[in-house]
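To find a chain, count down the sequence lines: A is the first, B the second, and so on, and within it residues start at 1.
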Protein chains: 2
Amino acid sequence: MEEIDRAIVAALTGDGRLSYTDLAERVGLSVSAVHQRVRRLEQRGVIKGYAARVSFEALDLPLTAFVAIRPFDPSQPDDAPERLAHLPEIDSCYSVAGEDFYLLLVRVAGPADLERVLQEIRTSANVTTRTTVVLSTPYENRPPKISGELTGRGRPRPSAEPAGSTA
Amino acid sequence: MEEIDRAIVAALTGDGRLSYTDLAERVGLSVSAVHQRVRRLEQRGVIKGYAARVSFEALDLPLTAFVAIRPFDPSQPDDAPERLAHLPEIDSCYSVAGEDFYLLLVRVAGPADLERVLQEIRTSANVTTRTTVVLSTPYENRPPKISGELTGRGRPRPSAEPAGSTA
DNA sequence: TTTGAAATACCCTCACT
DNA sequence: AGTGAGGGTATTTCAAA
């Protein structure tokens with residue numbers, strides 16, 4: 001049962017535009033059943049959405065860099081993610097353990113743009129930056145290995161519980 | 001002209017399953033014209049594919065970490081990306097400037113799995129590792145700001161050239 | 001949950017502009 | 001490049017098991 005959901009999710013991470021007809025063939029179920037399962041996976045948040053994968057080079061964003069930041073004044077409230085969210089050059093923002101507070105993934109057109117974005121990061125969030133330039137990307141955003149329970153969006157439940165028992 | 005392509009790519013990065021009918025309405029063109037433009041964007045490599053965005057928590061991969069690696073013996077041939085590609089826990093691999101050689105993005109179920117993967121990384125590629133655990137992810141894989149030329153997959157061409165002139 | 005069928009909507013090609 | 005129309009296919013809902 002769960003195995004079918006996993007197969008569906010695996011197939012859709014590889015090709016998000018697979019038709020229900022194709023999916024049905026792959027998992028050995030009727031089109032209607034697959035359709036309903038996909039809808040439930042979307043509702044449960046297992047599938048959060050669909051996106052076209054684009055070439056950043058083609059979009060004229062050939063320079064990628066990691067920017068580690070830490071506050072200039074650690075006593076101030078730490079709201080760097082919100083303060084930086086308006087910068088479209090920031091692809092991702094991770095809160096990290098270790099010496100730095102956040103790790104940002106930045107994509108820009110070239111060194112001049114990187115310099116500008118670093119200045120904007122520093123002034124917007126009152127932080128210092130330490131930047132690591134990406135020279136090439138052997139692979140990125142690979143589809144994950146899918147195994148386990150595919151629960152709502154937390155971890156697998158330890159045991160089955162009778163439907164509707166919240167008492 | 002180019003503006004329409006940018007609008008199409010922007011829409012598709014937001015929702016990769018948009019129908020050509022919806023796309024046509026958004027960009028103010030006929031369904032056929034939009035269809036042809038999307039096909040050309042795919043052929044030129046601007047759109048590399050489509051994927052479902054999934055919840056890593058729901059897939060029982062709640063722990064993310066960055067693993068910086070450098071070779072134990074720098075004189076040996078550096079083929080770490082290929083040597084590590086078989087590990088499904090590695091989401092991305094970046095070749096970086098700076099003290100480290102590569103930066104890996106790893107997703108696992110928990111600390112025990114992280115330990116195992118780190119050992120596999122070290123033995124598979126003969127490298128040392130320095131790991132930064134991700135505590136939370138304020139945002140990730142945001143759609144890029146789209147502007148510019150949308151060229152094949154490199155930078156904008158300086159000028160047009162006659163079709164089919166490779167001589 | 002699954003199935004099959006029926007209606008709607010979409011995909012995709014083609015001829016013309 | 002863009003349009004509109006056509007046949008073919010996919011999506012979506014529904015009754016039934």
Identify, with sequence neighbours excluded, every residue that meets side-chain contact (heavy atoms from CB on, under 4.5 Å) alongside A:Phe101. A:Arg70, A:Pro71, A:Asp78

Using OP1 and OP2 only, check whether a side-chain N or O of A:Arg37 sits under 4.0 Å from C:dT2. yes

Salt bridge (charged side-chain N to carboxylate O under 4.0 Å, His left out) partners for B:Asp113, two or more places apart: B:Arg116

Between D:dG7 and C:dT17, how many Å separate the two C1' atoms, rounded to a whole number? 22 Å

Canonical and wobble pairing (Watson-Crick, G-U, under 3.5 Å) of DNA chain C, dot-bracket with |: |||||||||||.|||||

Just how far, in rounded Å, is P of C:dC12 from CD of B:Gln36? 13 Å

Within the structure, does a side-chain N or O atom of B:His35 lie under 4.0 Å from either OP1 or OP2 of C:dC12? yes

For A:Arg53, check side chain to side chain donor-acceptor pair (under 3.5 Å) against everything at least two apart and list the hits. none

Side chain to side chain donor-acceptor pair (under 3.5 Å) filter on A:Thr129, not counting sequence neighbours, yields A:Arg122

Is there any protein nitrogen or oxygen under 3.5 Å from a nitrogen or oxygen in nucleotides 14-17 of chain D, and what are the pairs?
none

Side chain to side chain donor-acceptor pair (under 3.5 Å) partners for B:Lys145, two or more places apart: B:Ser147

For the residue pair A:Thr151 / A:Glu149, report whether a side-chain donor-acceptor contact shorter than 3.5 Å exists. no

Considering only distance and modelled atom types, tabulate donor-acceptor pairs under 3.5 Å from the side chains of residues 137-144 of chain A, sequence neighbours left out.
| unit_1 | atom_1 | unit_2 | atom_2 | d |
| --- | --- | --- | --- | --- |
| A:Tyr139 | OH | B:Pro81 | O | 2.8 |
| A:Tyr139 | OH | B:Ala85 | N | 3.4 |
| A:Glu140 | OE2 | A:Arg107 | NH2 | 2.6 |
| A:Glu140 | OE2 | B:Tyr94 | OH | 2.6 |
| A:Arg142 | NE | B:Ile90 | O | 3.0 |
| A:Arg142 | NH1 | B:Ala85 | O | 2.6 |
| A:Arg142 | NH2 | B:Ala85 | O | 3.2 |
| A:Arg142 | NH2 | B:Leu87 | O | 2.7 |
| A:Arg142 | NH2 | B:Ile90 | O | 3.0 |

Starting from C1' on C:dC10, measure out to CZ on A:Arg17 and report it in whole angstrom. 11 Å

By salt bridge (charged side-chain N to carboxylate O under 4.0 Å, His left out), A:Asp79 pairs with (sequence neighbours left out) A:Arg83

Qualifying ring-ring contact (aromatic ring centres under 6.0 Å, His included) pairs, either residue in residues 10-57 of chain B, two or more places apart: B:Tyr20-B:His35

Could you pull out all residues at least two apart from A:Arg26 that satisfy side chain to side chain donor-acceptor pair (under 3.5 Å)? none

Check the phosphate of D:dA1 against B:Arg40, side-chain N and O only, distance under 4.0 Å to OP1 or OP2. Yes or no? yes

Expected list for residues 19-30 of chain A near DNA chain D, using heavy atoms below 4.0 Å, is A:Ser19, A:Tyr20, A:Thr21

Nucleotide C:dA9, atom P - distance to CG of B:Leu18 in whole Å: 18 Å

Could you give the CZ-to-C1' distance, from B:Arg39 to D:dA1, as a whole number of Å? 16 Å

My understanding is that only one of A:Arg37, A:Arg39, A:Arg40 makes a salt bridge (Lys or Arg N to Asp or Glu O under 4.0 Å) with A:Asp5; could you say which? A:Arg37

